[in-house]
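The structure displayed is predicted, hence computed values, not measured ones. Letters A, B, ... are given to chains in the order of the sequence lines, protein chains preceding strands, and every chain is numbered from 1.
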2 protein chains.
Amino acid sequence: MKGPTTIKEIAKRLNLAKSTVSRALHDHPSIGLRTRMQVQALAKELHYEPNQTAIFFQQKKTFTIGIVLPELSEAFFSAAISGIEDTANKHNYMVLLGQSHDDESREKKIVEIMKNHRVDGLLVSIAKNTADYSHFEMLKHYDIPVVFFDRIPNLTDIHYVACNMQSGTLQAVSLLLEQGHRVIGMINGPEKLIASQQRTSGYQQALQKRRLKFDASLIVSSDLTKEGTRAAMRQLLAHKRKVTAIVAFNDYVSQDAVQYALEQHLEINKDITFVSYANLPLSSYMAYPPFASVEQYPYQQGQKATEILLELLAAPGKTDTFHNITLDSRLVLAPGR
Amino acid sequence: MKGPTTIKEIAKRLNLAKSTVSRALHDHPSIGLRTRMQVQALAKELHYEPNQTAIFFQQKKTFTIGIVLPELSEAFFSAAISGIEDTANKHNYMVLLGQSHDDESREKKIVEIMKNHRVDGLLVSIAKNTADYSHFEMLKHYDIPVVFFDRIPNLTDIHYVACNMQSGTLQAVSLLLEQGHRVIGMINGPEKLIASQQRTSGYQQALQKRRLKFDASLIVSSDLTKEGTRAAMRQLLAHKRKVTAIVAFNDYVSQDAVQYALEQHLEINKDITFVSYANLPLSSYMAYPPFASVEQYPYQQGQKATEILLELLAAPGKTDTFHNITLDSRLVLAPGR
DNA sequence: CTGTTAGCGCATTCAT
DNA sequence: ATGAATGCGCTAACAG
């Protein structure tokens, strides 16, 4: 009972040097066919398996990537993580997980622990309120590359992959216009968010293409709480022009807005039509699914981010160029439309 | 440029032995206050941080637990993993992730890799078709404890936490009886599943309590595909007695069943009432949410399983007793009921 | 209270 | 083609 088989053990039994065994196991060219066979045979017989922790230690590499995100139970992130895990595994990397619960201090702590665990790299979607990025910048001193995805910090010299909401919004509004809607409201998110600005741009662009006038009062922002959304709805429904369609910031907002509309005795898809941004699963099971949704490709974002990170890990020290991929969001019609 | 600070470095600068420094850093009692201060001061100054990989290696412990489950994007599992991660983190453990995608060979591979990464323990919910458990049993030889949760293998000597569906079913059927329903159908899952048997028991028990006669033809099983469910519905609706309520195997089945009922021009909650088992999020957003749902506590299952595992890790070699916790499922009324 | 020594398992450099 | 020696960073057993 002396624990798992080690190289030393094999060496002893075969009267060889540890180094010889090590090389034989690695199919090193300078090892005699004869001994190599012997070694590998015995290794199999004794169920030899290299002690990864020793290798990690010695090689200063763990084949592990850390992933930090706000909340696993949000459908968007669980899809993203799925993409990450699949890609990482394909390249024989493991994935270490941590959720910030949208709390900056927790985020810092997790990053710290992951650094200590010597992850080779980090994939992160930052917490809602993270304003200080020092915990990420300090990683540079440790040569731990970071690729951000979806929720990216407002920094220039970073790697990231995100999804541009403008294209999807453009398509969404265009669709509504095609269908004859002329007074289209938008419940947007906080104005400082890049994603909000992109939505606004897309909206404007759609009008421009048709040479229609842009009415800024049709875009109201919500703090994304239920109350905020209801306030926004109140404002939109009170607009002097009759709003017949609404682009909601996301599926959650959409649901709250729909509820409000129902309370006002509006008939969905008749008096008023909703378009949203997909982040709820199973929209087919929803009471009033949005007429159409802007897809944000969480799985693909995770995939891409991982690929970039792996590339960074393969080509170390390439601190010069920053990878930033922006996927275009895309409008998807609800099933049966 | 000589990499991160090490203990050796500190020792040299202070003319101390490495061991002294190590002890000082750990607040070992037998170290002079004086030197301890010195050491800790210099450590801070040089930004000393222990190299965890070295420690892992040396201590044969990684403070990492592996978690293997079928599919992250299933709401049930993402909730469970949330509970796992939270609990693990609280105890300074990290979590290594792997999804089997319900594929046995992938499951085996993941377990293998995790073993190589020297995780301290494993938390697993097995793949749908896993029939051979050798990859789990071999872990015993490596002293890697495993705690199963939710989807547990049909083995005796294992640790697990699962949720007993009987209690919830009992409550569900009782509720329906209280409300005057007398002909209650049940769409059950494959009969060999423990969970299916538990549902049947709960159903029968509810009738017994009220001294009502059990009619086996009111329980039909579905293979859980949409078609299977529709067939089951067809059968139930054709029953000689008029079925006024149905207990569906889960939310997915429930949705398919509701759809079928609608096609037959039945009015939900009037002509026919549905009760289900919660595994969809946001049931409040569903078109026809079940009247009531049996809660399976994914977060708590994850939490409990983790606690057991941590306990196992704390008390090594306790291979005698097997922990198996069974939570009771519980009926929860739909919001607004 | 502190120093010395050894060793965890492996890859690797330098000999031979 | 093989062996011997070294070190990665840390802890711990054993001296003093």
Side-chain angles (χ1 to χ4, degrees), chain A residues 1-43 46-63 115-120 142-143, chain B residues 1-43 46-64 115-120 142-143 316:
Chain A
M1 192 49 43
K2 45 172 312 311
T5 313
T6 70
I7 281 192
K8 187 205 247 177
E9 170 76 9
I10 297 182
K12 198 176 301 171
R13 299 222 195 187
L14 260 38
N15 272 323
L16 289 174
K18 292 187 307 178
S19 51
T20 306
V21 174
S22 174
R23 289 191 271 247
L25 257 9
H26 288 294
D27 289 317
H28 190 290
S30 77
I31 290 292
L33 174 60
R34 186 64 191 284
T35 41
R36 185 199 312 171
M37 299 299 267
Q38 273 189 143
V39 169
Q40 301 196 346
L42 184 57
L46 300 183
H47 301 105
Y48 168 77
E49 293 175 33
N51 179 338
Q52 292 290 2
T53 64
I55 296 177
F56 293 162
F57 169 48
Q58 200 261 84
Q59 312 257 290
K60 296 168 182 333
K61 192 155 174 6
T62 60
F63 291 96
K115 183 204 64 188
N116 290 344
H117 271 242
R118 296 291 202 273
V119 294
D120 292 339
Y142 295 86
D143 272 314
Chain B
M1 192 49 46
K2 45 172 312 310
T5 313
T6 70
I7 280 192
K8 186 204 247 177
E9 170 76 9
I10 297 182
K12 198 177 299 172
R13 296 221 197 187
L14 259 37
N15 271 322
L16 290 174
K18 290 187 309 178
S19 54
T20 307
V21 174
S22 174
R23 291 178 187 122
L25 256 11
H26 287 287
D27 288 319
H28 190 289
S30 76
I31 291 291
L33 175 61
R34 186 62 192 284
T35 40
R36 185 198 312 170
M37 300 298 267
Q38 272 188 143
V39 169
Q40 300 196 347
L42 183 57
L46 299 184
H47 300 107
Y48 167 77
E49 293 176 31
N51 179 338
Q52 292 289 4
T53 63
I55 297 177
F56 293 162
F57 169 48
Q58 201 269 117
Q59 311 257 287
K60 299 172 180 327
K61 193 157 175 5
T62 60
F63 291 96
T64 302
K115 183 204 64 187
N116 290 344
H117 271 243
R118 294 292 202 272
V119 294
D120 292 339
Y142 295 87
D143 271 314

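The B:Phe57 side chain lies nearest to C:dG9 when the options are D:dC10, C:dG3, C:dG9. Among the nucleotides C:dT12, D:dC10, C:dG9, the one closest to any side-chain atom of B:Ile55 is D:dC10. The side chain of A:Arg23 lies closest to C:dT13, out of D:dA13, C:dG9, C:dT13. Which of C:dC10, D:dG3, D:dG9 sits closest to the side chain of B:Asn51 comes down to D:dG9.
In terms of heavy atoms, B:Ile55 sits closest to B:Pro50 at CD1-CB, 3.9 Å.
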### Summary
Its dot-bracket string being built from Watson-Crick and G-U pairs below 3.5 Å, with | for another strand and [ ] for crossing, DNA chain D has the pattern ||||||||||||||||

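Between A:Tyr48 and A:Leu42 there is no side-chain heavy-atom pair separated by less than 4.5 Å. A heavy-atom distance below 4.5 Å is found between the side chains of B:Asp27 and B:Gln40. Between A:Asn51 and A:Thr6 there is no side-chain heavy-atom pair separated by less than 4.5 Å. Counting only heavy atoms from C-beta outward, the side chains of A:Ile7 and A:Leu25 approach each other to under 4.5 Å.
Counting to the nearest Å, the P atom of C:dG7 and the CD atom of B:Gln59 are 18 Å from each other. In this structure, B:Phe56 atom CZ and D:dC10 atom C1' are separated by 13 Å, rounded to whole Å. C:dT5 atom P lies 18 Å from atom CD1 of B:Ile7, rounded to whole Å. Between the NZ atom of B:Lys18 and the C1' atom of D:dC8 there is a distance of 10 Å, given to the nearest Å. A:Leu14 has its CG atom 14 Å from the C1' atom of D:dG3, to the nearest Å. Distance, B:Arg36 CZ to C:dC1 P: 10 Å, rounded to whole Å. Whole-Å rounding puts the A:His26 NE2 to D:dT2 C1' distance at 16 Å. Between the CD atom of A:Gln58 and the P atom of D:dT6 there is a distance of 16 Å, given to the nearest Å.
Regarding contacts with the backbone of D:dG3, every side-chain N or O of A:Ser19 stays at 4.0 angstrom or more from both OP1 and OP2. Look at A:Thr35 and you'll find a side-chain N or O under 4.0 angstrom from OP1 or OP2 of D:dT2.
Counting non-hydrogen atoms under 4.0 angstrom, B:Lys8 reaches the backbone sugars and phosphates but no base. Using a 4.0 Å heavy-atom criterion, one finds that B:Tyr48 contacts the sugar-phosphate atoms exclusively.
Take the nearest nucleotide of DNA chain C for B:Arg34 and for A:Pro50: the residue whose nucleotide is more 5' is B:Arg34. Heavy-atom distances to DNA chain C give each of B:Leu33 and B:Lys60 a nearest nucleotide, and the one nearer the 5′ end belongs to B:Leu33.
Put simply, the side chain of B:His26 never gets that close to the backbone of B:His28: no donor and acceptor are under 3.5 Å apart. At distances below 3.5 Å, at least one donor-acceptor pair connects side-chain atoms of A:Thr62 with backbone N or O atoms of A:Arg118.
More than 12 heavy atoms of other residues, nucleotides or ligands shown are found within 6.0 angstrom of NZ on A:Lys61.
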